[in-house]
Protein chains: 2
Amino acid sequence: MTAVARTPRRRRAQRGSGEQLRAEIIAAARELLAAAANADDVSIRAVADAVGVTSPSIYLHFADKNELLGAVVSEVFSELDAAMLAAGADADGPFERLRAFGLAYVVFAVAHPEQYRIATMDPCPQPDVDEVLASSAFENFNATVMECMQAGIFADGDPLPITLDLWAAAHGIASLMIAKPFLPWGDVKTTADRALCAAALGHAARALVGDGDVTAKQLTEWLAEQHRPSRSRKR
Amino acid sequence: MTAVARTPRRRRAQRGSGEQLRAEIIAAARELLAAAANADDVSIRAVADAVGVTSPSIYLHFADKNELLGAVVSEVFSELDAAMLAAGADADGPFERLRAFGLAYVVFAVAHPEQYRIATMDPCPQPDVDEVLASSAFENFNATVMECMQAGIFADGDPLPITLDLWAAAHGIASLMIAKPFLPWGDVKTTADRALCAAALGHAARALVGDGDVTAKQLTEWLAEQHRPSRSRKR
DNA sequence: TGTACATCAGTGAACGCGCGTTCACTGATGTAC
DNA sequence: TGTACATCAGTGAACGCGCGTTCACTGATGTAC
């Protein structure tokens, strides 16, 4: 009497429609990945089962599990790219676009925690995953940093260090929020915006004092000098 | 003729010296973990083998694998705590201590990548791991942020958001360096210092303009105003 | 229009593997008398 | 000082499990004549 509820057998695909099952497999893997704590917890069998197909069928569309995971992550990052571009589309100037990009990045990461974790923390990801990453988040940030330099918001020079830093700031907030959700983060957007603005303003402040190798010590002293009179008027 | 080189059987421990094997197990697990890409790649058997003991012996000292991993991470974070305190010991003022803390944090994380990854990215870590984390990095940062507030470097208020933000900045740099070592990071210390200073200075700049809820827009406008005359004197 | 045939998406069963963990045991060490 | 015994750190063999992947196959679909 053990009536095991089997997934209903799906209809055989039309001749030329191999792509359809491929897309369904990726979608199922994404969903399972989102629910799992770990990429290892999503098995080929589980993905096949979710689609309503046997596990060897997966290998008709992907060489191995790694390729499937890579495809999932690629898809997710394409969407991240789209989300960032959409968020930055009607920003008022490059600095505001930087903010919008960063915010969209963090919000997206928090909304897709497991996929984000795989893409950014797996030490041996698919090569093309890194390409996707480079072509979306990284390039979006970098182009806008250059605009900020042209606008005089950042000091002229190599945009790369600032881009990496802003990316790291967004990533730091996003990944800690994902991994330590019990910490008192407050509202995602507010916190992310605060952190991103701080990082960006820090670089902007550098431009204020002068070009090149200003030491942090000089900067703080300068800031402290500006600061003191405005707060208590003594000195 | 297959002379398998077996690990030499270790001498039986003295009666009261159960602690010694426990420490050896943790040390072996740390070493294997550092070499592995993933915590799942370190098996109980491998740890036992490295110590020169059979796998059931592990269970004489740890309830299960999770407890062993937790012990490893606790130990690593105790050392992180020590490294941070040592680095900040003779810093010149709270801001410099913040820098020293952040630098030590990133340097330590990059030097112990796998242990760091487990501690910060595993979504379901041992409860006491989080306690250790809270008692070291987090508390060190938080106390110093409060000192910075008293010194007028940061605007008065709740130190928590700034602490979380600085921690996220350090974590962002550290974890991206670990996960994407092929990116053009440059020197670890230089890059980490740049990022941390930017974040800290960003918060300091906020204090400059005024208390409370200054919008980022106001801040950039203010910065831009300060900025333009100093660079080209036009306007 | 009907029949024989090629195609190939998907199947079912099995493979070997390494894992975490359990369990009855052994035998050196320390202790009581 | 010698002997019997309790202790308990560590052993050896096995357990059940779920995994990724392979392989010979099936049978609906489309095509050629």
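This is a predicted model, so every value here is computed, not measured. Chain identifiers are assigned alphabetically (A, B, ...) following the order of the sequence lines, protein sequences preceding nucleic acid strands; residue numbering begins at 1 within each chain.
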Atom CG of B/L68 and atom P of C/dC19 are separated, to the nearest Å, by 14 Å

Here the gap from B/L201 atom CG to A/L201 atom CG, rounded to the nearest 0.5 Å, amounts to 10.5 Å

> B/S43 near the nucleic acid: base, sugar-phosphate alone, or nothing, with a heavy-atom cut-off under 4.0 Å?
Replying inline: sugar-phosphate

Taking D/dT21, C/dT21, C/dC19 as options, the one with an atom nearest any side-chain atom of B/D64 is C/dT21

Side-chain atoms of B/V53 come closest, of C/dG12, D/dT11, D/dG20, to D/dT11

Tell me whether B/T144 contacts the main-chain N or O of B/L98 through its side chain, where contact means a donor paired with an acceptor under 3.5 Å.
no

Open item on the list: Donor-acceptor check, side chain of A/S57 to backbone of A/V53, threshold 3.5 angstrom: yes or no?
Closed with: no

Base of C/dG20 paired with side chain of B/R45 (donor-acceptor, under 3.5 Å)
yes

In whole angstroms, the gap separating P of C/dG10 from CZ of A/R22 amounts to 14 Å

Rounded to whole Å, the CD1-C1' distance (B/I25 to D/dA9) equals 11 Å

B/L69 CG to C/dC19 P, in whole Å, measures 14 Å

B/E19 CD to D/dA9 P, in whole Å, measures 11 Å

Is any NZ, NE, NH1 or NH2 atom of the basic residue among A/R30 and A/E114 found under 4.0 Å from an Asp or Glu carboxylate oxygen of the other? no

query: Closer than 4.0 Å, any side-chain N/O of B/H61 to the OP1 or OP2 of D/dG10?
result: yes

Separation of C/dG12 atom C1' from A/I58 atom CD1, nearest Å, is 15 Å

task = Report yes if a side-chain nitrogen or oxygen of A/S57 is closer than 4.0 Å to either non-bridging phosphate oxygen (OP1 or OP2) of C/dT11; otherwise report no.
result = yes

Looking only at C/dG20, D/dC19, D/dT22, the nucleotide nearest the A/Y59 side chain is D/dT22

### Message
I'd like to know if A/D165 and B/R194 make a salt bridge, using a cut-off of under 4.0 Å between side-chain N and carboxylate O.
### Response
no

Between A/W167 and the options A/F141, A/F101, A/F138, the ring pair (Phe, Tyr, Trp, His ring centres under 6.0 Å) test singles out A/F138

From NZ of A/K65 across to C1' of D/dG20 the rounded distance in Å is 8 Å

Under the rule of Watson-Crick or G-U wobble with both distances under 3.5 Å, where | means paired to another strand and [ ] a crossing pair, DNA chain D maps to .||||||||||||||||||||||||||||||||

CZ (A/R117) and CG (A/L33) are apart, to the nearest 0.5 Å, by 9.5 Å

Taken to the nearest whole Å, CG/A/D41 to C1'/D/dC17 is 14 Å

Comparing A/P56 with A/D40, nearest DNA chain D nucleotide closer to 5' gives the residue A/D40

